[in-house]
2 protein chains.
Amino acid sequence: MKHVTAAEQLSDKNIKPSLQRIKILEYLRAHHNHPTADQIYLELRDEIPTLSKATIYNTLNLFLEAKLVRLINIEDNEMRYDSLLYNHGHFKCINCGRIYDFQLNSDVFEEMELERFQITDKNVYYKGMCPDCLDNKIK
Amino acid sequence: MKHVTAAEQLSDKNIKPSLQRIKILEYLRAHHNHPTADQIYLELRDEIPTLSKATIYNTLNLFLEAKLVRLINIEDNEMRYDSLLYNHGHFKCINCGRIYDFQLNSDVFEEMELERFQITDKNVYYKGMCPDCLDNKIK
DNA sequence: ATATGTGCAAACTGTTTGCAGCCGC
DNA sequence: GCGGCTGCAAACAGTTTGCACATAT
């Protein structure tokens with residue numbers, strides 16, 4: 001598999017690779033920390049001082065439509081974004097707020113009841129305490 | 001299993017069974033349509049004309065804390081509530097907006113990677129087209 | 001020159017909060 | 001009479017939208 005730059009990835013989806021769009025996509029590809037729009041904004045503002053939130057939102061919605069990223073909706077008051085597109089679950093620690101990825105057995109999704117449904121999007125969200133926070137509590 | 005009234009269920013959790021609280025819980029127990037706070041509000045307003053949205057939100061948050069209901073966060077701009085507490089998945093049709101419940105294999109959740117995690121909440125959200133909408137499209 | 005992207009500010013939506021009045025025990 | 005529930009309105013946060021300016025071809 002050859003390396004594809006962010007700019008190329010955008011062009012492939014017929015999205016004009018403007019500076020802002022490239023930077024936002026690069027950020028998502030480099031950081032799998034499931035950032036919110038705001039986090040991306042704060043990070044990129046140094047590099048692109050004129051950047052506005054509206055551009056972030058516009059761009060992320062564009063990416064969602066083009067399926068360049070996926071939306072993680074684990075908490076009701078925040079939309080998070082992820083450039084990993086394969087199916088995996090997300091675990092959010094209610095103590096530290098970190099979000100962890102985990103693999104899913106593919107057969108998780110063989111839900112007989114949904115035979116006649118056309119499933120286009122699958123999300124698995126768990127919440128609880130992560131090992132770090134559990135350890136710290138014991139201390 | 002004996003029948004438990006909404007009022008009893010509230011008392012069991014040390015929540016004073018006021019009229020509003022009883023009605024809201026009864027509504028959730030009777031309708032497994034995963035309503036938003038607004039839907040509940042609109043439905044109950046006829047019965048309780050003075051009812052305010054704030055009370056709905058306050059009450060639902062109270063119920064969440066008492067684990068009388070669970071939150072379904074399948075869409076980012078809406079919090080939905082469900083009085084079914086056993087583990088099941090939710091499928092949202094992107095065409096008609098309806099939400100369907102489906103059973104999950106219990107072994108779905110044996111995720112080795114999460115061995116050291118304490119999981120307190122599990123949500124499985126699918127999206128796509130439901131059979132009804134698929135049929136209508138063909139026509 | 002034209003089409004498209006960006007950035008500001010205002011608008012909007014859904015949820016939460018503060019506070020005064022009300023009710024039930 | 002007291003504690004706590006309710007309801008109004010205002011506050012709030014996150015997201016979206018309208019419009020004018022900037023930019024690139």
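It should be emphasised that the depicted structure is a prediction, and the values quoted were computed from it without experimental measurement. Note on naming: letters A, B, ... go to the chains in the order of the sequence lines (proteins, then strands), and numbering restarts at 1 for each one.
Counting only heavy atoms from C-beta on, A:Thr59 has its side chain closest to C:dT6 among D:dT6, C:dT6, C:dT17. Among the nucleotides D:dT15, C:dT6, C:dT16, the one closest to any side-chain atom of B:Tyr57 is C:dT16. Closest to the B:Arg21 side chain, of the nucleotides D:dT6, D:dT15, C:dT6, is D:dT6. When each of C:dT6, D:dG7, D:dT17 is scored by its nearest atom to the side-chain atoms of A:Thr55, the top-ranked nucleotide is C:dT6. The side chain of B:Gln20 lies closest to D:dT6, out of D:dT6, C:dC8, D:dC5. Counting only heavy atoms from C-beta on, B:Asn58 has its side chain closest to C:dT17 among C:dG5, D:dT17, C:dT17.
With salt bridges taken as basic N to acidic carboxylate O contacts below 4.0 Å, one links A:Glu75 and A:Lys127. Salt bridge A:Arg80/B:Asp76: absent, no basic N to carboxylate O contact under 4.0 Å.
Comparing B:Leu51 and A:Arg80 by the nucleotide of DNA chain D that holds the closest heavy atom to each, the one mapping nearer the 5' end is B:Leu51.
Taking atom CG of B:Leu10 as the reference point, atom P of D:dG4 lies 17 Å away to the nearest angstrom. Atom CD1 in B:Ile56 sits roughly 13 Å away from atom C1' in C:dT15 (whole-Å rounding). For B:Ile22 and C:dC23, the CD1 to P distance is 17 Å, given to the nearest whole Å. Here D:dT6 presents its P atom at 15 Å from OH of B:Tyr41, a figure rounded to the nearest Å. To the nearest angstrom, C1' of D:dT6 lies 17 Å from CD of B:Glu47. Atom CD1 in A:Ile24 sits roughly 13 Å away from atom P in C:dG5 (whole-Å rounding). B:Met79 has its CE atom 14 Å from the P atom of D:dG14, to the nearest Å. As rounded to whole Å, 10 Å separates atom P of D:dT15 from atom CD1 of A:Ile40.
Under a 3.5 Å cut-off, the side chain of B:Arg21 and the backbone N or O of B:Lys16 do form a donor-acceptor pair. The main-chain N or O of A:Ala66 is found under 3.5 Å from a side-chain atom of A:Lys13 such that the two form a donor-acceptor pair.
Phosphate proximity of D:dT16 to A:Asn61: present, with a side-chain N or O under 4.0 Å from OP1 or OP2. For the pair A:Ser18 and D:dT23, the criterion of a side-chain N or O lying under 4.0 Å from OP1 or OP2 is not met. Between A:Ser52 and the phosphate of C:dT6, there is no side-chain N or O to OP1/OP2 separation shorter than 4.0 Å.
A:Arg116 CZ to B:Cys130 SG: the interatomic distance, rounded to the nearest 0.5 Å, is 9.5 Å.
Counting non-hydrogen atoms under 4.0 angstrom, A:Thr50 reaches the backbone sugars and phosphates but no base. Residue A:Asn77 is classed as a sugar-phosphate contact, given heavy-atom separations below 4.0 Å to backbone atoms only.
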